[in-house]
Structures are given as structure tokens and as C-alpha cells.
Amino acid sequence: MNYKMTAPCLLGVEGLVADELRQMGAENVSAENARVFFEGDDSILARANICSRFSERILIVLDRFYATSFEELFVQVKALPWSDFIGSRDTFPVKGFSINSQLHSVPDCQKIIKKAVVDSLSEDYGISWFEETGPVHQIQFSIMKDEVTVMLDTSGAALHKRGYRPQGNDAPIRETLAAAMCQLSRLRHYHTLYDPCCGSGTILVEGALLANNIAPGINRNFEVDRWGLIPESVWMSERERSHDIIKTDTDFQAFGGDVDKNAVELTVRNAKNANVSKFITADVRDVKDFLPTTEKGTLVTNPPYGERMLDFKAAKAIYRTMGERFVSKYGWSYGIISPDEEFEKAFGRKADKRRKLYNGTIKCQYYMYFK
């Protein structure tokens, strides 16, 4: 079967998602704000879930249409082929959002969509009551400027939940954002990665996965597994493919440091959970003591910052120290994410390139130095 799909993502990484989907063989790829639309068959649906580094989820798009009344919404949702996906005992909750639209009440839209789906399934299955004890088919909707998109979530747990990080530190960076930062810094399999503020090691682990071409979803399952929609042979083939494309002979290595001993221990544990511990070394070290052991390096980091004025002063002191320690020289690049618009002033020099990214809901800039 061929599907229309969408991959929601963090703001600022849409281009990276679009590029990786094209490389996977997806067709008709187009990026919008915080989501990328694409098309593909069973293999592409499975591959996108297993291999996407930067997407948050993979959703099947059942339809896109305009609706300005609840009657229009009900009629068009009911007309969709729900029984092609949802069995008579399956669970099908509804959630979504509405922005700048006449149908602005999300709870009311949820109720209308749920009723439309129930009516459609009742007609197809000849029953009036659904026990909803089977696999979850999470129905999602978005309404933006009166355009409704109705979708089914195939991923289940969000794709940034790789499974290697059961516990983060106080302010962990999302795995998908860490992977995006490594990609934007053009990390390669022959590079040495440094993160002197490594926290729970997310950047180091994601860098190792990226450099060695290890699919981030290689060891996890997805909700669509339980639907019976995609043949098991397709999953087996796609998982085998993801193993076959792993780079097995690379020069990649990564070094992390943090002032917090517990964070360093967490980095070591998470690297082991992700099966990349052979690439990663971490020790207790302050950023002011940053001393690289290689001639060339790719540094990617998420330095601490805070909400209170004292924290901002402390953050600026860290930025100044970084500016002193991160010396501009041949073979080195530095990528630093920060929500502070005056970061460059504290760091001591203008970035060669800036990229707007969001760390959750916090608007940041990714400052890149490579000259």
C-alpha cells in the first residue's frame, strides 16, 4: 500500500528531516513549519520509523480538507476509510490542536471526530459499541487557518525516545535536537567529537549513532507493529537493512566532560545502553580545563543556562571561558546552542553561521564557528 505521511519535528530542523526522508527513498517530500509531508509504501513507513534521526513521529495522513463548521468536520471525517486501519476491538483515542481557525474549541473537535469515526466503524462492522481493548490507533488532528489534517500515529512513543536514556540530568537536551546539531556541524565517521558540558551524554551518543550510521530506532518497537498493517517480512527486511548499513570500520571517537560526577556516570551508562560505549570517553572536568587530545576536532555542546539573574551571570561567565578555551584554528569547528541573544558578545567573537533552533519550547540559536 502507498501512504501519504507526515513527520512532525522541532522547529528549525525541517530541512534536515526532508533531506533524510529523500535519502530513504520517500517521494513528494515537502517541508512546512514543524512538519514534513512525504509519500511511500510499507517499506518507507517502517524505514522512516526505524531510521529517522530528526523526526518526532511518523503519521499516516488520511486526508487534508477545509472545514469551518462542525457539520463539515463530521461529514468529511466520517467519509474516511477508518476500517482499513482500525479493527472492531482496537483503541482509537483522539487528540489535536487548532490555530487561527473558526473551529477553535479543541475538546469539541475531539468529540466530533470521535463520533464520526464511531459512526463510520459502526456501519462497516455492524456494531454500535466498541470495547477499545486492542492496539492503540492514536488519531491526531491539526486545524490551521481552517485546514484540517487527520492523521494516525504509527510511532507510539515519540521517536526521540531511543531507549538508551531512561533518566536524564536536570536539563537534558532532546535526542532529536542533539542529532540535528551534530548533523549541522557536519560530523563524519572520521571525526573526533567533543562535548565539554556533556550532561547525560546525549550529544555524544547521538554523534556516535550518526557517525557510525546506526539507526536510532534499531532496537525499539513502534505502535504500528501491533496493527497488522505492515507484513512482518517488511519489518524484518527493514531491520536487516538498518544493520547492513552500519559503518563497522570508522575512526570516530568522542570525549565528554562535566563538572558533575553523577552526570559523567550517567553518560557512561547511556553510552553502554546505546551500544556505543567503545567510542565514548567521559571524565569529570570543568570547561575551563578543556584540553583536547587530538589535532582536529568537532565540538558540539549545550552549555548550562538558567532563569534567574544570577544564573544568567554564571552562564555568561561560562561563555567567556568558552571563548578563551575554544581557540580558532585549522581542523576545528565549534557548535554551541544557547537561548542568550548576547552569547556572541560574551563568547568574544561573531559566529561564522547561526541557525535558529528550538530546545523544546525555548527559542535558541546554534552558533557555529569553523573558520
Side-chain angles (χ1 to χ4, degrees), residues 1-67 73 76-77 79-82 84-86 92-101 103 106 109-110 113 117 136-161 174-177 179-180 215-217 220 222-225 227 229-230 234 238 357-358:
M1 186 185 291
N2 214 58
Y3 307 95
K4 291 183 178 180
M5 291 172 274
T6 186
C9 57
L10 293 170
L11 280 165
V13 304
E14 299 90 346
L16 299 182
V17 173
D19 286 344
E20 72 171 355
L21 288 170
R22 289 188 187 100
Q23 288 167 12
M24 288 181 207
E27 298 178 338
N28 298 323
V29 179
S30 63
E32 295 185 3
N33 276 346
R35 58 184 182 178
V36 177
F37 289 93
F38 64 104
E39 295 179 17
D41 59 10
D42 289 340
S43 295
I44 295 297
L45 195 159
R47 190 178 303 167
N49 270 299
I50 295 168
C51 297
S52 181
R53 294 184 194 282
F54 317 118
S55 306
E56 295 301 315
R57 298 181 176 279
I58 303 298
L59 305 161
I60 294 172
V61 178
L62 296 181
D63 201 5
R64 300 181 80 180
F65 55 83
Y66 284 90
L73 181 64
Q76 298 196 73
V77 170
L80 299 176
W82 293 105
D84 287 355
F85 299 94
I86 302 174
F92 49 101
V94 179
K95 66 178 180 181
F97 63 88
S98 178
I99 300 172
N100 297 328
S101 299
L103 299 177
V106 171
C109 290
Q110 285 176 290
I113 290 172
V117 177
V136 176
H137 293 63
Q138 177 66 64
I139 298 169
Q140 291 203 23
F141 68 89
S142 68
I143 309 177
M144 292 189 280
K145 296 182 179 177
D146 298 325
E147 184 182 35
V148 182
T149 306
V150 182
M151 300 157 285
L152 281 171
D153 178 10
T154 70
S155 300
L159 295 183
H160 74 262
K161 295 181 179 179
R174 188 172 289 190
E175 293 89 334
T176 41
L177 179 57
R220 59 159 283 183
F222 309 95
E223 194 61 49
V224 72
D225 287 350
W227 296 3
L229 181 69
I230 299 176
V234 171
E238 286 304 318
L357 295 172
Y358 279 77

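Hydrogens, waters and symmetry mates are skipped; everything else that's a heavy atom, side chains included, is used. On a predicted model such as this, the values are computed, not experimentally measured, just so you know.
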Item to check | Taking every non-hydrogen atom, the tightest pair across Ile44 and Ala26 | outcome: CD1-N, 4.0 Å
Next on the checklist: If you count every heavy atom of other residues, nucleotides or ligands that lies below 6.0 Å from Phe97 atom CZ, does the total exceed 12?
Outcome noted: yes
Item to check | With Asn33 via side chain to side chain donor-acceptor pair (under 3.5 Å) - residues at least two apart | outcome: none
Item to check | Separation between CG of Leu62 and CD1 of Ile139, rounded to the nearest 0.5 Å | outcome: 8.0 Å
Checklist outcome for this item: To the nearest 0.5 Å, atom OG of Ser155 lies from atom CD of Gln138 at 11.5 Å
Next on the checklist: Using the rule given for side-chain contact (heavy atoms from CB on, under 4.5 Å), can you reason through Phe222 versus Leu159, listing the C-alpha separation, both sets of side-chain angles and the distance that settles it, and then say yes or no?
Outcome noted: CA-CA 9 Å; Phe222 309 95; Leu159 295 183; 3.8 Å; yes
Next on the checklist: Looking at Phe65, is its backbone amide N or carbonyl O close enough to the side chain of Gln76 to form a donor-acceptor pair, meaning the two atoms are under 3.5 Å apart?
Outcome noted: no
Checklist outcome for this item: Scanning both residues in full, the closest heavy-atom pair of Ala46 with Val234 reads CB-CG1, 4.4 Å
Item to check | Heavy-atom check, side chain of Glu20 versus side chain of Ser55, under 4.5 Å | outcome: yes
Checklist entry - Hey, what do you get for CE (Met24) to CD1 (Ile50), rounding to the nearest 0.5 Å? => result 10.0 Å
Item to check | Stepwise side-chain contact (heavy atoms from CB on, under 4.5 Å) check, Leu152 with Phe92 | outcome: CA-CA 9 Å; Leu152 281 171; Phe92 49 101; over 6 Å; no
Item to check | Donor-acceptor contact below 3.5 Å, side chain Ser101 vs main chain Asp146 | outcome: yes
Item to check | Glu147 atom CD, neighbour heavy-atom count above 12 within 6.0 Å | outcome: yes
Next on the checklist: Using side-chain contact (heavy atoms from CB on, under 4.5 Å), reason through Asp153 and Glu223 one step at a time and then give a plain yes or no.
Outcome noted: CA-CA 8 Å; Asp153 178 10; Glu223 194 61 49; over 6 Å; no
May I have the list of side-chain donor-acceptor pairs in residues 3-12 shorter than 3.5 Å, sequence neighbours left out?
residue: Tyr3; atom: OH; partner: Asp42; partner atom: OD1; Å: 2.7
residue: Thr6; atom: OG1; partner: Val36; partner atom: O; Å: 3.2

Next on the checklist: Is it the case that the side chain of Ser98 and the backbone of Leu103 share a donor-acceptor pair, with hydrogens and angles ignored and the cut-off at 3.5 Å?
Outcome noted: yes
Checklist entry - Got Thr176 and Val13 here, is their nearest side-chain heavy-atom distance under 4.5 Å? => result no
Checklist entry - Rounded to the nearest 0.5 Å, what separation is found between the CE atom of Met151 and the OG atom of Ser142? => result 4.0 Å
Checklist entry - Between atom CD1 of Ile60 and atom CZ of Phe85, what is the distance when rounded to the nearest 0.5 Å? => result 5.0 Å
Next on the checklist: I'd like to know if Glu175 and Arg220 make a salt bridge, using a cut-off of under 4.0 Å between side-chain N and carboxylate O.
Outcome noted: no
Checklist outcome for this item: Test side-chain contact (heavy atoms from CB on, under 4.5 Å), reference Phe38, set Ile58, Val61, Val17, output is Ile58
Item to check | Heavy-atom donor-acceptor pair, Gln110 side chain to Val94 backbone, under 3.5 Å | outcome: yes
Item to check | Derivation of the side-chain contact (heavy atoms from CB on, under 4.5 Å) call for Trp82 and Val77 | outcome: CA-CA 9 Å; Trp82 293 105; Val77 170; 3.8 Å; yes
Item to check | N/O donor-acceptor pair under 3.5 Å between Glu56 side chain and Arg35 backbone | outcome: no
Next on the checklist: Rounded at 0.5 Å granularity, tell me how far CZ in Arg57 sits from OG1 in Thr154.
Outcome noted: 9.5 Å
Next on the checklist: Using side-chain heavy atoms (C-beta onward) and a distance below 4.5 Å, is Val106 in contact with Phe141?
Outcome noted: yes
Checklist outcome for this item: Sorted by chain and number, sequence neighbours left out, ring-ring contact (aromatic ring centres under 6.0 Å, His included) with His160 holds for none
